[in-house]
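Here the structure is laid out as structure tokens; the discussion comes afterwards.
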Amino acid sequence: MYNLLIVDDEDIAIRGIRQGIDWSGTDIAEIHTAYDAEEAKELMQLHSIDILLSDIDMPGDNGIQLLRWVKEHKADTVTVFLTGHADFAYAQQAVQLDCFDYLLKPVDHAQLKACIAGAARKVKEQRQLDEIKDTYSLVSEQWRRQRPALVERLWQDYLHFRISANPSLLDPALATYEIPLHSASQIRIIVLSIEQWREEWSARDEEIMTYAVKKAAGEVLLEERSGTVVQEPNGMLYVIAYNPEPEDEAVLEARCRHLIEQCRELLHCQLSCYAGNPVSVQGARMELQRLLEQEKHNVSEGGSVWLQANSPNAKSMEGSGPLEFPFTDWSSLMALGKQTELAYRIDECFDRLIERKADYTVLASFYYGFMNMLFGWLNERALQMSDVFPGNEWEEGAPALKSISKLQAWTHRISAMSTAFSSERGKAVSNAVEKVQQYMKQHLHEDFSREKAAEHVYLNPAYLSRLFRKETGLTLTDYLLELRMSKAKNELANTNYRISDIAASVGYTNFSHFSQAYKRATGLTPQEYRKTYQKV
């Protein structure tokens with residue numbers, strides 16, 4: 001319902017409108033009256049007026065001047081003029097001030113009633129529009145606040161092959177989140193590996209401290225440059241600089257070392273930086289895989305800076321350099337049953353083969369590399385070819401070497417069958433994790449060192465920690481504690497060995513520490529446990 005204000009210096013005109021028209025059945029709730037512009041302004045300050053029906057020629061301020069005031073102070077009010085002067089200048093000014101209608105006296109009551117009904121509809125439309133604008137403003141503000149997280153999620157999806165690199169799909173996605181890039185734009189990726197915390201953090205504290213490293217990385221490595229920092233669930237951080245300017249490698253290295261020093265002093269962690277070369281957005285995924293491989297195999301130099309341009313192992317699939325096939329990552333995706341991501345990676349690899357006009361030699365290199373990866377994947381799981389490929393589908397690869405498209409189709413088929421097999425059989429731990437588990441069982445009586453365990457399987461310690469937790473759901477420390485407590489419980493219940501000897505056999509040289517750890521794990525002291533569960 002709406003409120004109407006009638007303004008006219010003639011009382012008879014006001015009474016004729018107010019009493020001469022049957023307002024029942026309309027959307028008009030209240031009717032107010034005023035005899036000049038000043039009184040009208042006072043009423044509009046006191047009441048909510050939706051529709052103003054005003055004469056133009058009045059003593060003091062006229063209707064046009066009143067409308068100017070309304071536009072400034074009560075912009076939501078819809079104005080209708082009713083006047084006995086058919087003055088073009090008045091009509092022109094009324095139109096310029098967005099008057100809803102301009103009626104001449106005498107007016108038919110039915111016409112005036114219909115006009116007021118139209119004004120009421122406009123008020124309703126304005127309110128609906130205002131609600132839409134308010135909703136849009138609220139959503140827009142929420143989107144603005146959440147945009148950094150949405151941008152980060154977009155990069156995660158893209159870098160993990162959950163979004164296509166096809167420009168027709170990638171460019172609109174970048175534009176949606178107002179990222180100032182397109183598929184051919186240049187970016188630079190710097191991988192940050194948190195290798196070791198110098199404090200014993202809980203999982204929540206570690207997450208908070210990782211976020212602090214993320215913020216520091218954005219400030220130090222991006223400075224005022226456009227870009228974003230992506231945090232992976234496993235704690236890895238990727239700094240992505242948009243449209244990087246040519247930069248002296250010494251300057252980049254200095255900024256990385258400054259970040260490493262800040263993290264060491266203020267955030268109590270050891271960090272290494274792996275800086276890639278500027279590449280296109282389309283080439284970012286391959287560049288990231290190279291950096292992650294470099295991080296994975298860095299087993300000796302912690303807290304260091306690695307510049308991709310100076311790395312002796314740096315190779316590029318772009319330009320005229322040798323082609324490099326990321327079969328190690330494909331094997332991991334097969335094991336995890338991630339067919340969609342693997343399919344994206346295969347398509348991207350073959351897009352590059354087509355772009356480079358790969359010949360038979362290159363295709364043969366791909367085929368034998370893929371088969372070597374496949375045999376290794378089967379061997380780690382003690383499987384035969386016939387277990388996964390009952391129809392000997394793998395044998396169709398050699399004939400497919402005569403055509404890139406046929407080889408691509410065969411690769412997709414073999415990969416799909418392999419990932420489907422992994423999904424059906426469930427995820428098994430990798431060979432590296434299994435070796436580390438055996439190593440821990442064999443050295444249970446010794447002080448455990450993550451570095452020694454990583455050296456045993458030729459992996460970077462930080463990478464091993466992430467891999468172990470990903471595949472077992474436990475940290476190395478938690479798994480070791482389970483092993484030690486399990487052996488201790490067995491010996492306390494089934495042998496008469498001295499408790500101090502049992503403590504030493506599971507790696508505790510300090511009996512008090514063993515007793516405290518045992519009670520935290522079982523709720524009982526070793527003596528209480530033996531008394532309760534002794535079987536010998």
Side-chain angles (χ1 to χ4, degrees), residues 133 136-192 210-233 236-249 251-256 258-259 273-292 307-309 314 316-319 341 344-345 347-348 351-352 355:
K133 288 180 178 178
Y136 175 81
S137 297
L138 177 62
V139 173
S140 178
E141 176 63 19
Q142 290 176 339
W143 185 88
R144 186 189 65 80
R145 292 179 180 178
Q146 295 178 10
R147 178 177 170 272
L150 295 173
V151 169
E152 184 176 1
R153 178 59 184 270
L154 175 68
W155 281 114
Q156 288 173 337
D157 287 343
Y158 177 67
L159 294 173
H160 288 289
F161 294 80
R162 293 189 287 268
I163 293 178
S164 172
N166 188 312
S168 65
L169 299 174
L170 179 58
D171 289 345
L174 294 170
T176 296
Y177 296 101
E178 299 179 356
I179 299 174
L181 301 170
H182 51 78
S183 54
S185 298
Q186 293 284 295
I187 62 173
R188 169 173 247 154
I189 301 176
I190 303 175
V191 170
L192 308 181
T210 301
Y211 180 76
V213 174
K214 176 183 177 181
K215 298 296 288 184
E219 293 172 3
V220 174
L221 299 183
L222 289 177
E223 295 179 329
E224 299 300 320
R225 300 171 178 85
S226 179
T228 191
V229 183
V230 177
Q231 180 176 342
E232 294 282 44
M236 291 289 284
L237 298 169
Y238 311 145
V239 178
I240 304 174
Y242 304 160
N243 300 307
E245 298 178 359
E247 185 173 31
D248 187 289
E249 296 298 317
V251 174
L252 176 60
E253 182 175 1
R255 285 195 285 118
C256 289
H258 178 56
L259 174 64
C273 299
Y274 300 82
N277 293 320
V279 295
S280 69
V281 175
Q282 282 187 299
R285 298 193 286 208
M286 295 303 295
E287 180 73 359
L288 176 62
Q289 293 308 311
R290 283 194 291 272
L291 293 171
L292 292 177
L307 300 180
Q308 186 73 354
S316 175
M317 283 188 68
E318 298 186 349
E341 292 184 33
Y344 271 133
R345 299 198 184 202
D347 283 339
E348 184 174 64
D351 286 345
R352 290 175 176 272
E355 180 184 342

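Starting from 1, each residue takes its place in the sequence as its number.
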Margin query: So, using side chain to side chain donor-acceptor pair (under 3.5 Å) as the criterion, who are the partners of Ser137 when residues are at least two apart?
Written below: none
Next item on the list: Identify, with sequence neighbours excluded, every residue that meets side chain to side chain contact (heavy atoms under 4.5 Å, CB included) alongside Ser185.
Entry: Leu181, His182, Asn243, Val281
Next item on the list: Report the residues that fulfil salt bridge (Lys or Arg N to Asp or Glu O under 4.0 Å) with Asp351, sequence neighbours left out, ordered by chain and then residue number.
Entry: none
Notebook entry, point to check: Do the side chains of Cys273 and Arg255 get nearer than 4.5 Å, heavy atoms only?
Noted result: no
Check: Mind checking what makes salt bridge (Lys or Arg N to Asp or Glu O under 4.0 Å) contact with Glu141, not counting sequence neighbours?
Finding: Arg144, Arg145
Check: Who passes side chain to side chain donor-acceptor pair (under 3.5 Å) against Glu232, sequence neighbours left out?
Finding: His160, Tyr238
Margin query: Surrounding CZ of Arg225 (heavy atoms of other residues, nucleotides or ligands, distance under 6.0 Å), is the total greater than 12?
Written below: yes
Note to self: For Gln186, give me all partners under side chain to side chain contact (heavy atoms under 4.5 Å, CB included), at least two apart in sequence or on another chain.
What the structure shows: Pro244, Pro278, Ser280
Checklist line | For Thr210, all residues meeting side chain to side chain donor-acceptor pair (under 3.5 Å), sequence neighbours excluded | finding: none
Next item on the list: Without swapping roles, check the side chain of Gln156 against the backbone of Gln231 for a donor-acceptor pair under 3.5 Å.
Entry: yes
Note to self: Just to verify, what does Leu222 make a side chain to side chain contact (heavy atoms under 4.5 Å, CB included) with, not counting sequence neighbours?
What the structure shows: Val229, Val239, Ala241
Note to self: Run the side chain to side chain contact (heavy atoms under 4.5 Å, CB included) test against Glu224 and tell me which residues pass, sequence neighbours left out.
What the structure shows: none
Next item on the list: Compare all side-chain heavy atoms of Tyr177 with those of Arg153 and state whether any distance is below 4.5 angstrom.
Entry: no
Check: Applying the salt bridge (Lys or Arg N to Asp or Glu O under 4.0 Å) test to Arg188, which of Glu249, Glu245, Glu287 qualifies?
Finding: Glu249
Note to self: Rounded to the nearest 0.5 Å, what separates atom CG in Leu154 from atom CG in Leu170?
What the structure shows: 7.5 Å
Next item on the list: Please identify each residue that fulfils side chain to side chain donor-acceptor pair (under 3.5 Å) with Tyr242, with sequence neighbours left out.
Entry: Trp155
Item checked: salt bridge (Lys or Arg N to Asp or Glu O under 4.0 Å) involving Arg162 - partner list, sequence neighbours excluded -> Asp157, Glu341
Item checked: Results of salt bridge (Lys or Arg N to Asp or Glu O under 4.0 Å) for Arg345 - residues two or more places apart only -> none
